[in-house]
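In what follows, a single structure is set out as structure tokens and then discussed.
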Amino acid sequence: MYLSAGNGDINTIIGGIAPNWGPFASLGSEAKTMVEVVMAVAILGCLAIAIWGAAKQRIGATALRDTFSAEQGKGLIVAGLTGVFIIGSLGTLFTIVYGMAI
């Protein structure tokens with residue numbers, strides 16, 4: 001019997017948004033921590049925008065019958081989730097671009 005999560009540890013889940021420091025390994029630990037904190041705050045901000053958009057869409061579509069507010073809410077949801085995706089993949093993108101430059 002094989003378990004699919006047998007080889008992993010909690011760091012693979014927690015360190016999900018931390019970039020791979022391959023080309024930037026010469027940064028100090030303080031700089032790495034600051035980059036990770038900025039990325040985490042930006043992701044939380046994008047998630048807040050998506051939640052705000054969901055609330056605007058729900059209130060606009062049902063309670064107020066305001067189609068403009070509902071459409072604006074859809075745009076905020078898409079913008080927030082796109083921001084989360086872009087910020088989450090920045091470490092990979094920087095590593096790919098750095099590798100192509102070499």
Side-chain angles (χ1 to χ4, degrees):
M1 176 178 183
Y2 294 103
L3 297 176
S4 61
N7 295 336
D9 60 351
I10 193 67
N11 193 27
T12 58
I13 297 171
I14 295 174
I17 64 168
N20 183 1
W21 296 107
F24 306 106
S26 63
L27 289 175
S29 63
E30 293 86 6
K32 289 180 184 179
T33 303
M34 287 303 298
V35 169
E36 291 172 359
V37 166
V38 167
M39 288 175 72
V41 168
I43 285 177
L44 289 176
C46 288
L47 286 176
I49 289 172
I51 292 170
W52 178 257
K56 281 188 83 152
Q57 183 184 19
R58 178 73 177 157
I59 291 170
T62 58
L64 301 176
R65 306 269 192 245
D66 182 13
T67 58
F68 178 73
S69 181
E71 291 298 320
Q72 190 178 21
K74 288 179 188 176
L76 287 173
I77 292 171
V78 170
L81 295 179
T82 303
V84 168
F85 174 75
I86 290 172
I87 293 168
S89 62
L90 277 179
T92 305
L93 292 174
F94 286 151
T95 304
I96 291 171
V97 170
Y98 180 79
M100 293 173 79
I102 293 178

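Sorted by first and then second residue, the side chain to side chain donor-acceptor pair (under 3.5 Å) pairs with a member in residues 73-90 read E71-K74; sequence neighbours excluded. Applying the salt bridge (Lys or Arg N to Asp or Glu O under 4.0 Å) test to every pair with at least one member in residues 46-55, sequence neighbours left out, gives no pairs at all.
Grouping the Ile, Leu, Val, Met, Phe, Trp and Tyr side chains by contacts below 4.5 angstrom, directly or via other members, places V84 apart from V38. Under a hydrophobic clustering in which Ile, Leu, Val, Met, Phe, Trp and Tyr are joined whenever their side-chain heavy atoms come within less than 4.5 Å, directly or via other members, L47 and I87 fall into the same cluster.
Every residue meeting the side chain to side chain contact (heavy atoms under 4.5 Å, CB included) condition with I49, not counting sequence neighbours, appears here in chain and number order: L76.
Taking Ile, Leu, Val, Met, Phe, Trp and Tyr as members and joining any whose side-chain heavy atoms lie under 4.5 Å apart, directly or through other members, I51 forms no hydrophobic cluster with any other residue.
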